[in-house]
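Data block below; observations after.
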Amino acid sequence: MISDKLKSTGLADAADIQTAWPSQERLEKGPVVIVECFQEIPCNPCETSCPQKAILVGEDINALPRVDHSKCNGCTICVSRCPGLAIFVIDQKYSETASAITMPYEFLPLPQKGDTVEALEREGKTCCQAKVIRVVNTKAQDKTPLVTLAIPKGREKDVRFFKLVP
Ligand code: SF4
Ligand code: SF4
């Protein structure tokens, strides 16, 4: 059941986000997928692209994806396959002070590894500064590059986008 805030504004609240969140035990093991897909739509590339069979939509293509975080190895393949840009991979083990978040980024110019960018919350407000640690843009991703940011620990549930710093 999604929140009134999500119904009326399209923005997930803390309870919605929690439904997509893995256990603390799984987070401590390294990179893991976060699927913030809250609307029943006819779509399933997340399921068909995952080599680990960690995401299940099932026979009813309108069903919400269910994630078995214990099967996910954080490979990021599904992130660029999701047309809703609703999938992220978070690595809380990236360093002592930072977590890594991999997200789809369909804008130009692409950032470069080493750039400092402004990390944004869901509402578009600046959340914190972040460092670009990886940019992947292969043919298989079909024009949905993946950008990985290092963000301060504790901001994993907040950062969902970024903007370049001029
Ligand atoms: S990150 Fe990789 S293993 Fe995890 S759900 Fe996505 S495709 Fe599957
Ligand atoms: S591919 Fe993305 S939008 Fe489609 S069902 Fe999966 S998570 Fe939702």
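One-based numbering, in listed order, for ligands and for the atoms of each.
Between K5 and E123 there is a salt bridge, since a side-chain N of the basic residue sits under 4.0 Å from a carboxylate O of the acidic one.
Around atom 6 (Fe) of ligand 2, the protein atoms of type N, O or S found under 2.8 Å away are C46 SG, listed by chain and number.
Across P111 and V135, no two heavy atoms sit closer than the pair O-CG2, 3.4 Å.
A side-chain donor-acceptor contact under 3.5 Å links T148 and T102. Checked by atom type, the side-chain pair E118/T126 shows a donor-acceptor distance below 3.5 Å. If you check the side chains of Q129 and T116, you find no donor sitting under 3.5 Å from an acceptor.
Every atom of ligand 2 with a heavy atom of P83 under 4.0 Å away is listed here by number and element: 1 (S). Less than 4.0 angstrom separates some heavy atom of C50 from each of these atoms of ligand 1: 3 (S), 5 (S), 7 (S), 8 (Fe). Counting the atoms of ligand 1 from 1 in the order shown, those under 4.0 Å from a heavy atom of N73 are 2 (Fe), 3 (S).
When atom types are taken as modelled, the side chain of R81 and the backbone of C46 share no donor-acceptor pair closer than 3.5 angstrom.
Nearest protein neighbour of atom 4 (Fe) of ligand 1, counting heavy atoms only, is C72 SG, 2.4 Å. Here the heavy atom of the protein found nearest to atom 2 (Fe) of ligand 1 is C75 SG, 2.2 Å.
Note that R122 lies outside the cation-pi zone of F161, set by a 6.0 Å cut-off to the ring centre and a 45° limit from the axis.
Pairs of residues two or more places apart, or lying in two chains, never qualify as salt bridge (Lys or Arg N to Asp or Glu O under 4.0 Å) while including a residue from residues 127-149.
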